Peer 1: 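This structure is in structure tokens; I'll ask about it shortly.
Treat the numbers as computed from the prediction; the structure is a model and nothing was measured.
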Amino acid sequence: QVQLVESGGGLVQAGGSLTLSCAASRRTFSSAAMGWFRQAPGKEREFVAAIMWSGGSTYYANSVKGRFTISKDNAKNTVYLQMNSLKPEDTALYYCAAGQRMVVGPSLYDHWGQGTQVTVSS
């Protein structure tokens, strides 16, 4: 069983930066891709970014493209989300997830962390 633990959330002013981390207890063959999602109160969970463990291909939601960067450290089984130029609308609970493919649908990911809160003040 893969366990995912997110960290790095917090309160930041608009225009600021945060880096989220997602540490995986182990990486299984089935967890070929890692994704970041977010969920604001009263809204559905939405895709943010994804990365492949092998090769490092990435994919971003249009809403964060150019502001967020997803990266990985295979040796540490850790995935990062560097968030720059944060906006109040980025406020949400951010989750990392592990799956077999780099897709945007949350139901296609097999393992989830508990989430880390990001709050952006205006």
Peer 1: Flag yes if Tyr95 and Tyr59 sit in one hydrophobic cluster, no otherwise; membership is Ile, Leu, Val, Met, Phe, Trp, Tyr, and two members link when side-chain heavy atoms are under 4.5 Å apart.
Peer 2: yes
Peer 1: If you compare all heavy atoms of Ala32 against all heavy atoms of Gln100, which two are closest, and at what distance to 0.1 Å?
Peer 2: CB-O, 3.5 Å
Peer 1: Can you tell me how far apart OH (Tyr109) and SG (Cys96) are? Round to the nearest 0.5 Å.
Peer 2: 11.0 Å
Peer 1: Could you give the distance from NE2 (His111) to CE (Met34), rounded to the nearest 0.5 Å?
Peer 2: 9.5 Å
Peer 1: Kindly work out whether a path of hydrophobic side-chain contacts (I/L/V/M/F/W/Y, heavy atoms less than 4.5 Å apart) joins Val104 to Val48.
Peer 2: no
Peer 1: Cluster question for you: counting only ILVMFWY and a side-chain heavy-atom cut-off of under 4.5 Å, with indirect links fine, are Phe47 and Tyr60 together?
Peer 2: no
Peer 1: For residues 79-91, tabulate all N or O donor-acceptor pairs below 3.5 Å that involve a side-chain atom, not counting sequence neighbours.
Peer 2:
from: Gln82; atom 1: OE1; to: Thr19; atom 2: OG1; distance (Å): 2.4
from: Gln82; atom 1: NE2; to: Asn84; atom 2: OD1; distance (Å): 2.7
from: Asn84; atom 1: OD1; to: Ser17; atom 2: OG; distance (Å): 2.9
from: Asp90; atom 1: OD1; to: Arg38; atom 2: NH1; distance (Å): 2.9
from: Asp90; atom 1: OD1; to: Arg67; atom 2: NH2; distance (Å): 3.0
from: Asp90; atom 1: OD2; to: Arg67; atom 2: NH1; distance (Å): 2.8
from: Asp90; atom 1: OD2; to: Arg67; atom 2: NH2; distance (Å): 3.4
from: Asp90; atom 1: OD2; to: Lys87; atom 2: N; distance (Å): 2.8
from: Thr91; atom 1: OG1; to: Pro88; atom 2: O; distance (Å): 2.9
from: Thr91; atom 1: OG1; to: Val120; atom 2: N; distance (Å): 2.8
from: Thr91; atom 1: OG1; to: Val120; atom 2: O; distance (Å): 3.4

Peer 1: Distance from Leu20 atom CG to Phe68 atom CZ, nearest 0.5 Å?
Peer 2: 8.0 Å
Peer 1: With rounding to the nearest 0.5 Å, note down the distance linking NZ in Lys72 to CG in Asn77.
Peer 2: 10.5 Å
Peer 1: List, by chain and then residue number, the residues other than Leu11 in its hydrophobic cluster (Ile/Leu/Val/Met/Phe/Trp/Tyr, side-chain heavy atoms under 4.5 Å); write none if there are no others.
Peer 2: none
Peer 1: In terms of hydrophobic clustering (I, L, V, M, F, W, Y; side-chain heavy atoms under 4.5 Å; direct or indirect links), are Leu4 and Trp36 co-clustered?
Peer 2: yes
Peer 1: Taking all heavy atoms of Ser21 and all of Thr78, pick out the closest pair and write down the distance.
Peer 2: CB-CG2, 4.4 Å
Peer 1: I'd like to know if the side chain of Glu6 and the backbone of Gln114 have a donor-acceptor N/O pair within less than 3.5 Å.
Peer 2: yes
Peer 1: Are Leu93 and Phe37 grouped together when hydrophobic residues (ILVMFWY) are joined by side-chain heavy atoms under 4.5 angstrom apart?
Peer 2: yes
